[in-house]
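Throughout, protein chains are lettered first and strands after them, A, B, ... in sequence-line order, and every chain is numbered starting at 1. In this text, all values refer to a predicted model and were calculated from it rather than measured experimentally.
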Amino acid sequence: MSLQWRKIYITRTELSLANVLQAGQAFRWILDENSGEYLTTMKIVNNPDYSIVLLRQTNDEFIECSTYDKKCDLNDLVCHFKLYFRSEVKVETMHANDWLPRDPKFKGIETQGIRILGQEPWETLVSFICSTNNNISRITKMCHALCTNYGKKIGTFNSTDFYSFPSSNEIMLNATEADLRDLGFGYRAKYIIETAQKLVKNKKENNTLSDTDFLNMISESNDYNELREHLMSYSGIGPKVADCICLMGMRKDHVVPVDVHVERIAHRDYKIKASNKDIVQLRELYKPLPITRKKVNFQLDFIRTSLNEKWGPFAGWAQGILFFREVGGTAGANTEGKIKKRKNENSNTTDEDIKQEQSSDISNSKRSRIKSEQLN
DNA sequence: ACTGACCCTATACA
DNA sequence: ATGTATAGGGTCA
């Protein structure tokens with residue numbers, strides 16, 4: 001099948017596909033190492049089903065997008081990716097005119113084509129529930145496991161099957177905690193089931209059918225503190241995961257998710273430390289927000305508010321760049337997951353091999369679980 | 001406020 | 001070559 005490719009003009013300095021698609025923001029892009037193309041499934045506007053979409057970057061001036069879905073309009077596809085990559089935000093301009101004047105430490109820092117994605121909120125939410133105590137490789141496997149087990153099959157290309165990301169209804173109807181544990185989700189199995197159930201309930205009460213619509217509605221009708229309060233009402237979502245969802249799944253560009261690495265940067269490079277007075281102030285601010293009060297770590301929250309004030313309306317993007325600089329190279333270093341490797345094995349890999357790999361994955365995780373149960 | 005448990009896996013190290 | 005320890009983008013009780 002010959003593909004029609006469409007160009008989107010954005011320089012490699014503004015967007016590096018490798019650094020943005022494979023460094024811990026998105027977990028469902030598959031790199032075909034033979035062609036250098038990135039593939040996944042996405043919901044494209046004006047099209048009822050998920051489409052298989054492709055991206056490639058063979059040039060410093062533009063990227064190209066395409067799709068295997070004949071029903072998917074190419075103009076819609078270009079629009080979709082401009083929104084997904086937030087092409088209206090100019091990182092280099094932001095660096096020079098906003099971050100550098102606010103923070104001299106940005107002098108000489110390369111932005112390395114890092115951008116913050118505007119992803120679909122439900123997929124982002126579930127992905128980041130999976131991210132706790134975890135590495136990119138396993139998060140990626142878990143996201144794919146959700147799709148292959150509970151999503152709809154969209155098509156097969158290069159002997160790889162493509163599935164949609166399952167809705168909260170699909171997860172609630174077809175998955176149990178035990179199922180997800182067998183698939184290797186560990187303690188996150190419970191969080192995902194409970195969160196899917198809660199979202200189904202919330203959608204029903206608001207007469208909304210789509211996860212995307214419901215979460216966008218919540219995102220648009222609340223200020224940041226209340227939005228975070230809502231997100232933290234779901235099982236498995238604490239302050240850090242909530243902030244990742246806000247930033248990468250809800251376009252809240254000012255939000256700075258504080259994990260151990262950002263904490264280290266804040267202490268080492270900015271000497272940020274909350275005084276008792278700072279903590280009293282935050283506690284006062286969160287008086288009307290019971291879940292936030294319960295879940296938040298005030299020392300970390302002070303780092304979040306400090307960096308937000310320092311870096312301004314696009315503080316989340318500034319964080320993204322410093323984060324990648326700190327760990328970007330190593331965070332994905334051990335990410336040679338089965339899915340990526342499989343793509344490299346040419347066409348002598350059959351569906352049967354893939355099934356065997358998957359089932360051996362499952363039995364491995366089962367074995368470890370049984371082993372740890374025996375130890376208890 | 002502080003601490004430990006929590007699933008699993010890749011890697012380092014003995 | 002096999003076994004053990006540890007950390008990996010936190011949350012919950």
Inspect the contact between A/Lys152 and A/Asp49 and indicate whether a charged nitrogen and a carboxylate oxygen are less than 4.0 angstrom apart.
no
Check whether any side-chain nitrogen or oxygen of A/Lys141 sits under 4.0 Å from OP1 or OP2 of B/dC7, and answer yes or no.
no
Side chain to side chain contact (heavy atoms under 4.5 Å, CB included) evaluation trace for A/Val126 with A/Phe27
CA-CA 11 Å; A/Val126 176; A/Phe27 301 97; over 6 Å; no
Charged tip of A/Lys7 within 45° of A/Phe62 ring normal and under 6.0 Å
yes
For the side chain of A/Thr132, starting at C-beta, report the closest nucleotide among B/dC7, B/dT9, C/dT11.
C/dT11
Would you kindly check whether a donor in the side chain of A/Arg181 faces an acceptor in the base of B/dC7, or vice versa, at under 3.5 angstrom?
no
Ion pair A/Lys153/A/Asp161, N-O distance below 4.0 Å
yes
Rounded to whole Å, how long is the line connecting atom CD of A/Glu263 with atom P of C/dT11?
13 Å
Look at all strands and tell whether A/Gly24 reaches a base, only sugar-phosphate, or nothing, counting heavy atoms closer than 4.0 Å.
base
Rounding to the closest angstrom, what is the interatomic distance between B/dC2 and C/dG9 at atom C1'?
22 Å
When only distance counts, do a donor and an acceptor, one from the side chain of A/Asn133 and one from the base of C/dG10, lie under 3.5 Å apart?
yes
Is the charged tip of A/Lys273 near the ring of A/Phe302: under 6.0 Å from the six-membered ring centre and within 45° of its axis?
no
Using a 4.0 Å heavy-atom cut-off across all strands, classify A/Ile237 as base, sugar-phosphate, or nothing.
sugar-phosphate
Position toward the 5' end of DNA chain C (nearest nucleotide), A/Lys295 or A/His261:
A/His261
A/Phe314 ring center within less than 6.0 Å of A/His254 ring center:
no
With the side chain defined as heavy atoms from C-beta on, A/Ile136 is closest, among C/dG9, C/dT11, B/dC8, to C/dG9
Rounded off to whole Å, could you give me the CD1-to-P distance for the A/Ile129 and C/dT11 pair?
10 Å
Atom-to-atom span, CZ of A/Phe323 to P of C/dG8 - whole angstrom:
10 Å
Out of C/dG9, C/dT11, C/dA13, which nucleotide sits closest to the side chain of A/Val241?
C/dT11
Separation of atom CD in A/Glu326 from atom P in C/dG8, rounded to whole Å
11 Å
Nearest-nucleotide pick for A/Tyr191, side chain only, options being B/dA10, C/dT11, B/dA1
C/dT11
Record whether the side chain of A/Tyr187 comes under 3.5 Å of the base of C/dG10 through a donor-acceptor pair of N or O atoms.
yes
Which value, in whole Å, describes the distance between the P atoms of nucleotides C/dG3 and B/dC7?
25 Å
Calculate the interatomic distance between A/Arg264 atom CZ and C/dA7 atom C1'; express it in whole Å.
12 Å
Report the residue (A/Gly236 or A/Asn134) whose heavy-atom-nearest nucleotide on DNA chain C is the more 5′ of the two.
A/Asn134
Which part of the nucleic acid, if any, lies within contact of A/Pro239, taking any heavy atom under 4.0 Å across all strands shown: a base, the sugar-phosphate backbone alone, or nothing?
sugar-phosphate
Measure CD1/A/Ile303 against P/C/dG10 and give the value in whole Å, please.
13 Å
Given C/dT11, is OP1 or OP2 found less than 4.0 Å from the side-chain N or O atoms of A/Lys240?
no
Spacing between A/Phe185 atom CZ and B/dC7 atom P, to the nearest angstrom
14 Å
Using atom CE of A/Met142 as one end and atom P of B/dC8 as the other, report the distance to the nearest whole Å.
10 Å
Does C/dG8 have a Watson-Crick or wobble mate here (both distances under 3.5 Å), and if so which one?
B/dC8
